[in-house]
Amino acid sequence: MLEFVLCLIIVLSAILALIQKDLLKTAILTGFSGGALAVLFQILLAPDVALTQAIVGAAIIPVFIALAVQKTQREDS
């Protein structure tokens, strides 16, 4: 049952990340789905994959997305 709930959270957060207009919200939702996926891997007894997913999917990729958004936004003068 917990696996089903985590899969539902992963899919819903990924869909919400795709339809967001605000790119910073997209970065947050991407990290949320990556963290939920890391928890799912841990429950499925794959701790090495869970650790990699937690580092890359929940931390590095959202930070890179947020930095890219910050660097490419227009400045209103």
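None of the values given here were measured: they were computed from a predicted structure.
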Whether over 12 other heavy atoms sit under 6.0 Å from Glu3 CD: yes
What's the verdict on side-chain contact (heavy atoms from CB on, under 4.5 Å) for Thr26 and Asp22, showing C-alpha distance, side-chain angles and the deciding distance? CA-CA 7 Å; Thr26 300; Asp22 186 11; over 6 Å; no
Shared ILVMFWY cluster between Leu37 and Leu2, side chains joined below 4.5 angstrom? yes
Validation: residues 4-12 side-chain donor-acceptor distances under 3.5 Å, sequence neighbours left out:
none

Connected to Leu16, directly or through other members, by ILVMFWY side-chain contacts below 4.5 Å are Ile19, Leu29
Return all side-chain donor-acceptor pairs below 3.5 angstrom for residues 42-69, not counting sequence neighbours, or 'none' if the list is empty.
from	atom 1	to	atom 2	distance (Å)
Thr52	OG1	Asp48	O	3.0

